[in-house]
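Working notes, structure below.
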Amino acid sequence: MQYVLLWVLGAAISAFTIRRGLEPFDEGLSLQAGRRVLDGQVPYGDFRWAYGPAGPYALAAWFETFGVSVIPWRVLRVAVDASVALTVFALVRRETPPWLAVAGWLTAACAMAQPTSANPFAPALLFCLLAVLAATSWEERPRRAAVV
């Protein structure tokens with residue numbers, strides 16, 4: 001139950017900035033790339049793109065489902081921000097008292113809420129933190145080194 005509450009509170013912190021003006025560089029270019037892929041264009045071939053190819057395709061699928069607008073993108077970003085903060089809480093909670101884990105969660109939630117940008121940093125950070133959480137979630141048992 002505490003995880004659901006922390007995720008909702010993290011989403012509320014991030015959603016506070018959801019109706020801010022458009023950030024023209026990263027956000028504008030990313031949204032345009034998603035729209036172009038939705039229209040059948042290909043990154044690197046039909047238009048220049050500085051990041052990996054997953055972003056425009058994911059945004060195109062998101063736009064196909066929810067419409068081409070900055071608000072659906074920002075709702076997705078709110079979910080990613082809240083998930084990053086919750087993952088930080090889960091990682092910190094393992095080794096610290098609850099109040100310190102909540103402090104880590106709050107720090108991560110506030111840091112992720114500003115600035116809202118469409119660059120691939122937030123989803124990449126979430127996947128990296130989830131990988132660390134998964135890799136370190138083993139109970140105490142002997143570990144063996146991989147032999148190549």
Side-chain angles (χ1 to χ4, degrees), residues 1-96 98 100-139 143 146 148:
M1 184 63 181
Q2 71 180 351
Y3 286 97
V4 172
L5 178 63
L6 288 175
W7 191 90
V8 169
L9 290 173
I13 290 169
S14 182
F16 185 73
T17 62
I18 200 168
R19 299 209 24 105
R20 269 193 150 158
L22 184 68
E23 195 277 303
F25 185 67
D26 277 337
E27 201 168 42
L29 290 175
S30 294
L31 295 172
Q32 180 188 37
R35 183 193 51 77
R36 292 178 109 179
V37 168
L38 187 63
D39 290 340
Q41 294 184 19
V42 177
Y44 317 113
D46 296 321
F47 62 94
R48 293 181 190 266
W49 184 243
Y51 301 121
Y57 288 103
L59 276 173
W62 193 254
F63 289 160
E64 181 71 27
T65 306
F66 298 105
V68 179
S69 171
V70 71
I71 295 300
W73 150 248
R74 288 193 176 168
V75 168
L76 178 62
R77 177 62 194 259
V78 164
V80 169
D81 291 350
S83 298
V84 165
L86 186 63
T87 307
V88 167
F89 173 80
L91 284 167
V92 174
R93 178 65 185 102
R94 292 178 178 168
E95 303 293 329
T96 65
L100 195 54
V102 170
W105 164 84
L106 182 60
T107 301
C110 291
M112 292 304 295
Q114 285 295 330
T116 54
S117 178
N119 66 36
F121 163 75
L125 177 62
L126 175 60
F127 289 129
C128 289
L129 288 173
L130 288 171
V132 170
L133 185 66
T136 60
S137 66
W138 302 96
E139 294 294 324
R143 298 181 193 249
V148 179

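All heavy atoms count here, side chains included; hydrogens, waters and symmetry mates do not.
Shown here for Ala108 and Ala85, the closest heavy-atom pair between the two residues is CB-CA, 3.9 Å. Heavy atoms only, all atoms of each residue included: Ala109 and Gly10 are closest at CB-CA, 4.4 Å. The nearest pair of heavy atoms linking Ala11 to Ala82 is N-CB, 3.4 Å. For the residue pair Ser14 and Arg77, the shortest heavy atom distance occurs at OG-O, 4.4 Å.
For Tyr3, the ring pair (Phe, Tyr, Trp, His ring centres under 6.0 Å) partners at least two apart in sequence or on another chain are Phe89. In this structure Thr96 satisfies the side chain to side chain contact (heavy atoms under 4.5 Å, CB included) test together with Val92, Leu100, Ala101, sequence neighbours excluded. Residues forming a side-chain hydrogen bond (donor to acceptor under 3.5 Å, both in side chains) with Arg36 (at least two apart in sequence, or on another chain): Gln41. Applying the side-chain hydrogen bond (donor to acceptor under 3.5 Å, both in side chains) rule to Gln32 yields no partners; only residues at least two apart in sequence or on another chain are considered. Evaluation of the side-chain hydrogen bond (donor to acceptor under 3.5 Å, both in side chains) rule for Thr87 yields no partner, not counting sequence neighbours. Under the rule for a side chain to side chain contact (heavy atoms under 4.5 Å, CB included), Cys128 has no partner lying at least two apart in sequence or in another chain.
For the pair Arg94 (side chain) and Leu133 (backbone), a donor-acceptor distance under 3.5 Å is present.
Interatomic distance, CG of Leu129 versus OG of Ser83, reported as 10.5 Å (0.5 Å rounding). From Leu125, atom CG reaches atom CG of Leu130 across 9.5 Å, with rounding to the nearest 0.5 Å.
Shown are Ile13, Thr17, Ile18; of these, the side-chain contact (heavy atoms from CB on, under 4.5 Å) with Val78 is made only by Ile18.
Under the 4.5 Å side-chain criterion, counting only non-hydrogen atoms from C-beta, Val88 is not in contact with Thr107. Two residues are said to be in side-chain contact when any heavy atoms from C-beta on lie closer than 4.5 Å; Phe121 and Met112 meet this criterion.
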Anything under 3.5 Å between a donor and an acceptor, one on a side chain of residues 46-55, the other on a protein residue two or more places apart or in another chain? List them.
from  : atom 1 : to    : atom 2 : distance (Å)
Asp46 : OD2    : Val42 : N      : 2.8
Trp49 : NE1    : Tyr51 : O      : 3.3
Trp49 : NE1    : Gly52 : O      : 2.9
Tyr51 : OH     : Asp26 : OD1    : 2.8

Using a 3.5 Å cut-off and no angle test, enumerate the donor-acceptor pairs between side-chain atoms of residues 58-70 and protein atoms at least two apart in sequence or in another chain.
from  : atom 1 : to    : atom 2 : distance (Å)
Trp62 : NE1    : Pro72 : O      : 2.6
Thr65 : OG1    : Ala61 : O      : 3.0
Ser69 : OG     : Ile71 : N      : 3.2

